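For this chain, numbers begin at 1 and follow the sequence in order. Computed over heavy atoms, backbone and side chain alike; hydrogens, waters and symmetry mates excluded. In this text, all values refer to a predicted model and were calculated from it rather than measured experimentally.
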Amino acid sequence: MSVKYDHKEIELRWQAEWEEKSAFAARPGQGEKYYCLEMFPYPSGKIHMGHVRNYSIGDVLARFLRMRGMNVLHPMGWDSFGLPAENAAIEHSIHPAKWTHENIAFMRRQLKRMGLGFDWTREISTCSPEYYKWNQWIFLKFYEKGLAYKRRSTVNWCPGCSTVLANEQVEEGLCWRCASAVEAKDLEQWFFRITDYAEELLDFTHKLPGWPERVLVMQRNWIGKSMGAEVSFPVDGSDEVIRIFTTRPDTLYGVTFMTLAPEHPLVERITAKDTLEEVRSFVKEVVREKKGAGAAALEKLDKKGVFTGAFCVNPLTGAKVPVYVANFVLMEYGTGAVMAVPAHDQRDFEFARAYGLPVKVVINPRGKTLEAESMEEAYVGEGILVNSGPFDGMLNTDAVDAIIDHLEEEGVGRRSINYKLRDWGISRQRYWGCPIPVIYCKACGTVGVDLEDLPVVLPEEVRLTGTGRSPLESAGEFVNTVCPRCKGEARRETDTMDTFVDSSWYFLRYLSPGDDKKPFEKEDARYWMPVDQYIGGIEHAVMHLLYARFFTKALRDLGLHTLDEPFKNLLTQGMVCKETARCGDHGFLSPGEVTGDGKCGVCGAAVEFGAVEKMSKSKKNTIDPDGIIERYGADTTRLFSLFAAPPEKDMEWSAEGVEGSYRFLGRVWRLVTENALLLEDTTTYDEGKDPSLDDSPPLKDLHRITHGTIKKVTGDIEKRFHFNTAISSIMELVNAVYALVRGDSFNNPVGAKVFRESVETVVLLLAPFAPHITEELWQRLGNETPLYKSKWPVLSEDALVKDEVTLVVQVNGRVRAKVVVPVDSTDDDVKEAVMKDARVAEWAGGKELKKFIHVPGRLVNLVVR
Ligand code: ANZ
Ligand code: ZN
């Protein structure tokens with residue numbers, strides 16, 4: 001009598017049970033802690049396959065470790081401030097709050113429908129006043145310490161989103177979100193002084209062995225530390241001085257001209273009268289071209305410049321060199337001025353050749369002499385200094401320090417370190433974000449809101465027009481307030497915070513979600529932090545992860561906790577990809593737009609299949625998780641997304657793969673439900689009369705395979721997150737059980753035991769991947785304790801041993817011990833096993849081994865003195 005695998009009924013029933021029992025609520029104090037965290041989602045409307053994968057990975061780990069007896073914290077929440085809510089409000093006239101809360105409700109139901117074992121008692125949402133109150137509190141603490149400050153600055157302005165973007169949010173001159181060309185704009189902005197932590201953030205990239213090297217490299221490059229010197233070049237015939245930053249002081253004697261950034265304040269002051277017009281129009285042109293272009297885009301620009309008519313003086317040689325304005329010099333880096341050494345810098349070389357400027361060699365490769373006139377490119381390698389006064393003959397890398405010392409003695413330069421990292425601009429001219437808790441008073445100036453008055457609640461009534469001014473300016477009741485100091489009339493800050501502020505410390509709020517006295521309890525942080533495993537997309541390698549690291553350090557320095565780094569281990573999961581269909585004339589086609597015989601539904605042309613790309617709406621290759629869950633169940637969906645590839649690799653979605661996972665779960669289902677009688681363990685074992693494992697090689701094999709699988713799956717999950725290979729070995733175990741079901745090996749008491757052990761092992765090992773079906777089968781196997789409270793199977797190393805022989809061990813001719821070893825042991829294996837034996841050690845320990853004789857299958861003879 002078979003029972004149908006009704007995945008929907010089973011899944012809903014167990015989800016209700018978990019919910020009712022708060023099955024995954026974590027409490028501090030019991031067992032070794034483990035904090036497993038996936039990046040929380042933006043509530044955009046519906047979960048997508050990327051979420052399914054991300055959260056399935058985390059859930060396997062959390063469930064597995066819970067079964068291993070650890071006290072696991074696995075929380076979930078919502079990164080719920082942000083632009084899409086505001087855009088939806090403008091487009092569909094629905095209030096951002098309503099839109100957001102509806103999305104959260106929908107997506108929460110979806111996550112629960114996936115059977116993810118989150119601790120829902122700790123759920124947080126960053127758009128709730130209970131959460132953002134603490135953003136404001138932290139802001140004010142930062143302000144008090146000088147870590148938050150305001151200044152007028154040229155910002156990256158996205159005309160598409162009508163807002164300021166952080167440098168990190170500009171990709172090749174385009175907005176990371178809407179891909180509009182980014183413009184420069186001057187605004188009063190709030191900043192967080194992340195640069196105060198540049199050195200520590202960099203230093204710790206060498207102390208995070210649990211992070212992918214790729215992410216660490218990206219962070220190091222972003223911080224961009226350069227060591228070198230600052231050197232002063234006086235302007236000829238004037239009191240002005242051009243300060244430059246160089247990483248190559250060894251090339252100082254090779255400077256043949258000077259380049260300034262177009263925005264450099266000296267440009268106006270030193271340019272000769274007759275060239276001023278020309279220089280100004282060049283500056284205008286370049287500034288327009290450069291607007292928002294990042295360093296990478298600048299590299300690609302044609303190098304061009306204009307002569308200012310002014311000269312400056314090399315402080316070491318006294319040589320006068322012409323001063324140019326050049327488009328490749330950045331005002332925001334170093335000092336905004338660069339000494340040009342065309343012989344040894346490719347950019348300067350190209351510039352010199354284009355403008356007919358001299359090239360002066362100061363480094364020769366060993367055993368060669370470079371000729372400036374015939375060089376075709378700059379020589380950037382190591383070598384021996386020439387034309388460098390007292391430093392001639394030195395290796396250039398050795399000369400760096402010597403020349404800086406000399407500059408310092410002469411008082412014309414000094415050692416200097418530069419970082420590419422800029423302070424983090426957090427002001428946004430948007431509505432749907434956390435209000436910056438600051439008040440402007442005519443009498444008192446800029447005043448922080450009193451801590452007792454937090455939160456500064458985001459008003460409900462505002463006009464959202466998308467015009468680029470802060471929407472809060474239109475909320476009169478919000479804007480007009482009284483000064484906390486003098487009680488006079490005052491105005492509130494109307495900008496809101498970058499939403500990356502919200503996500504920079506949310507992992508700490510999960511620890512004390514209801515706390516209304518502090519952002520989080522120090523004790524809770526002491527117990528739960530750091531996050532043991534953080535899982536999320538590589539797109540957060542720089543911004544989110546760097547900001548979260550910065551916040552952790554800044555909060556530490558405020559005395560809120562004692563930790564240096566928030567995330568001990570980081571896993572960046574790969575993307576979910578799928579085959580696309582494309583028509584030459586009509587672009588990407590959704591499955592519904594392709595005819596049964598593979599033609600374009602619009603024009604009938606043959607469709608191109610085969611290109612596998614990241615799932616995206618624009619490529620029309622997305623799969624809606626809801627549909628898959630409805631048809632196959634959450635277990636199949638989870639299992640497939642974990643089986644298709646190791647977590648950090650991209651995976652390809654395939655309908656056949658889903659079918660395969662579904663069929664496998666059906667096989668497991670029938671293994672239990674169709675053999676229920678066999679599993680009823682009523683037989684008693686009669687020693688001597690009934691066969692033992694040793695009498696039944698097939699049973700012994702299965703017993704060994706079962707434990708081999710425990711070992712393999714445990715190792716694959718624990719050490720390497722190789723869920724895919726873990727799942728295949730469970731599949732192999734299922735095959736091995738089925739192979740014996742058909743014969744009569746199980747029709748005896750020992751057989752029944754081995755069968756039951758194997759089947760229970762299958763169910764337990766599969767539980768983290770497919771939690772519902774296994775919970776159900778576990779119960780059907782007659783277990784009283786629900787599976788979510790059960791322990792991971794225990795490995796018996798003995799069971800792993802293949803066939804064994806007993807060797808008699810003689811020490812100096814007398815029998816002292818017996819040692820059991822696998823039949824296929826080598827001499828070395830045997831020696832190791834023998835020397836480890838306690839009885840042997842009694843007779844041979846601490847003595848010199850003179851001879852070791854091994855007669856395979858029979859005996860070992862040791863001669864010791
Ligand atoms: C002279 C020189 C000679 C340089 C040479 C390089 C090679 P990193 O490593 O990225 O810090 N530089 C300095 N400020 C700049 C700015 N605002 N815009 C564009 N370029 C700038 O690079 C430091 C080097 O980049 C500096 O060293 C300077 O050029 C240039 F054979 O000085 B060098
Ligand atoms: Zn005042």
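Contact detail for Ile223 and Ala198: the closest heavy-atom pair is CG2-O, 3.9 Å. Across all their heavy atoms, Ile194 and Trp424 have their closest contact at CG2-N, 3.9 Å. Minimum interatomic distance between Thr552 and His561 (heavy atoms only, all atoms of both residues): O-NE2, 3.0 Å. Closest of all the heavy-atom pairs between Ala343 and Met375 is O-CE, 3.4 Å. The minimum heavy-atom distance linking Ala548 with Phe507 is given by the pair CB-CE2, 3.8 Å. Closest non-hydrogen pair, Thr256 versus Pro322, comes out as O-CD, 3.5 Å.
Within 6.0 Å of atom CZ in Arg366, 12 or fewer heavy atoms from other residues, nucleotides or ligands are found, so the atom counts as exposed in its surroundings. Counting heavy atoms of neighbouring residues, nucleotides and ligands inside a 6.0 Å radius, atom CD of Glu213 exceeds 12 of them. A 6.0 Å sphere centred on NZ of Lys568 holds no more than 12 heavy atoms belonging to other residues, nucleotides or ligands. Counting non-hydrogen atoms of neighbouring residues, nucleotides and ligands closer than 6.0 angstrom, the CG atom of Asp186 exceeds 12 such neighbours. Within 6.0 Å of the CZ atom in Arg353, the count of heavy atoms belonging to other residues, nucleotides or ligands exceeds 12. Within a 6.0 Å radius of NZ in Lys320, no more than 12 heavy atoms belonging to other residues, nucleotides or ligands are found.
Geometrically, Lys553 engages Phe204 in a cation-pi contact, judged by NZ or CZ lying under 6.0 Å from the ring centre and within 45° of the ring axis. Geometrically, Arg151 engages Phe191 in a cation-pi contact defined by less than 6.0 Å to the ring centre and at most 45° from the axis. For the pair Lys420 and Tyr333, the distance from NZ or CZ to the six-membered ring centre is under 6.0 Å and the angle to the ring normal is within 45 degrees.
Between the side chain of Glu382 and the backbone N or O of Thr397 there is no donor-acceptor pair closer than 3.5 Å. With Gln189 contributing its side chain and Gly425 its backbone, the two residues share no donor-acceptor pair below 3.5 Å. Under the 3.5 Å distance criterion, the side-chain polar atoms of Glu493 are matched with a main-chain donor or acceptor of Asp495. With hydrogens and angles ignored, the 3.5 Å screen pairs a side-chain donor or acceptor of Ser281 with a backbone N or O of Glu278. No donor-acceptor pair closer than 3.5 Å links the side chain of Ser388 to the backbone N or O of Leu385. Between the Thr335 side chain and the Arg243 main chain, a donor and an acceptor come within less than 3.5 Å of each other. Side-chain atoms of Arg509 come within 3.5 Å of backbone N or O of Pro519 as a donor-acceptor pair. The main-chain N or O of Asn156 is never found under 3.5 Å from a side-chain atom of Glu183 such that the two would form a donor-acceptor pair. Looking at Asn327, its side chain never comes within 3.5 Å of a backbone N or O of Val286 through a donor-acceptor pair.
Two rings, from Phe351 and Tyr355, have their centers less than 6.0 Å apart. Side-chain rings of His344 and Phe349 stay apart, their centers remaining 6.0 Å or farther from each other.
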Exercise. Please walk me through it: do Trp157 and Val182 pass side-chain contact (heavy atoms from CB on, under 4.5 Å)?
Worked result: CA-CA 6 Å; Trp157 178 260; Val182 173; 5.6 Å; no
Exercise. Glu199 and Tyr419: side-chain hydrogen bond (donor to acceptor under 3.5 Å, both in side chains), yes or no, with the steps?
Worked result: CA-CA 9 Å; Glu199 191 58 42; Tyr419 298 92; 2.3 Å; yes
For this session: Given side-chain contact (heavy atoms from CB on, under 4.5 Å), test Met227 with Thr247 step by step and report yes or no.
Result: CA-CA 6 Å; Met227 300 212 270; Thr247 48; over 6 Å; no
For this session: Assess whether side-chain hydrogen bond (donor to acceptor under 3.5 Å, both in side chains) is satisfied between Arg220 and Thr205, documenting all intermediate values.
Result: CA-CA 7 Å; Arg220 273 175 220 141; Thr205 63; 2.9 Å; yes
For this session: Go through the steps to decide whether Phe520 and Leu555 satisfy the test side-chain contact (heavy atoms from CB on, under 4.5 Å), and finish with yes or no.
Result: CA-CA 11 Å; Phe520 56 90; Leu555 295 177; 4.2 Å; yes
Problem set entry | Residues Asn135, Asp502; criterion side-chain hydrogen bond (donor to acceptor under 3.5 Å, both in side chains); working and verdict | CA-CA 7 Å; Asn135 269 0; Asp502 310 341; 2.6 Å; yes
Exercise. What's the verdict on side-chain contact (heavy atoms from CB on, under 4.5 Å) for Ile242 and Val235, showing C-alpha distance, side-chain angles and the deciding distance?
Worked result: CA-CA 7 Å; Ile242 301 174; Val235 177; 3.7 Å; yes
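Taken from CG in Leu252 to NE2 in His406, the straight-line distance is 9.5 Å, to the nearest 0.5 Å. With values rounded to the nearest 0.5 angstrom, His264 atom NE2 is found 10.0 Å from Thr259 atom OG1. The distance from the NZ atom of Lys141 to the CG atom of Leu451 is 5.5 Å, given to the nearest 0.5 Å. Taking CD of Gln429 as the start and OG1 of Thr494 as the end, the distance is 8.0 Å to the nearest 0.5 Å. Atom-to-atom distance recorded for Trp505:CH2 and Leu508:CG is 7.5 Å, nearest 0.5 angstrom.
Ring pair His544/Phe567 is tilted by interplanar angle, where 30° to 60° counts as tilted. Using cut-offs of 30° and 60° on the angle between ring planes, the pair Phe257 and Tyr324 is perpendicular.
Residues passing the side-chain contact (heavy atoms from CB on, under 4.5 Å) test with Ser416, sequence neighbours excluded: Glu230, Phe245, Arg414, Asn418.
Considering Val323, Val313, Ile244 in turn, Ile244 is the only one that fulfils the side chain to side chain contact (heavy atoms under 4.5 Å, CB included) rule with Phe233. The only option from Arg556, Lys207, Lys225, Arg549 that meets the salt bridge (charged side-chain N to carboxylate O under 4.0 Å, His left out) definition with Glu200 turns out to be Arg556. Screening Tyr197, Phe551, Tyr149, Trp190 for a ring pair (Phe, Tyr, Trp, His ring centres under 6.0 Å) involving Phe142 leaves a single residue, Phe551.
The closest side-chain heavy-atom distance from Ser504 to Phe550 is not below 4.5 Å. A heavy-atom distance below 4.5 Å is not found between the side chains of Asp348 and Lys303. At a threshold of 4.5 Å between non-hydrogen side-chain atoms, the residues Leu546 and Leu421 count as touching. In this structure, the side chains of Ser427 and Leu187 stay at 4.5 Å or more apart for every pair of heavy atoms. With contacts defined as side-chain heavy-atom distances shorter than 4.5 Å, the pair Glu565/Pro530 does not qualify. With contacts defined as side-chain heavy-atom distances shorter than 4.5 Å, the pair Val325/Phe282 qualifies. The shortest distance between side-chain heavy atoms of Trp176 and Val170 does not fall below 4.5 Å. Contact check for Cys158 versus Ser180: side-chain heavy atoms found under the 4.5 Å cut-off.
At a threshold of 4.0 Å, the pair Arg280-Glu285 does not count as salt-bridged, since none of the basic side-chain nitrogens sits closer than that to a carboxylate oxygen.
In this model, no donor atom of one side chain and acceptor atom of the other lie less than 3.5 Å apart for Ser503 and Asp79.
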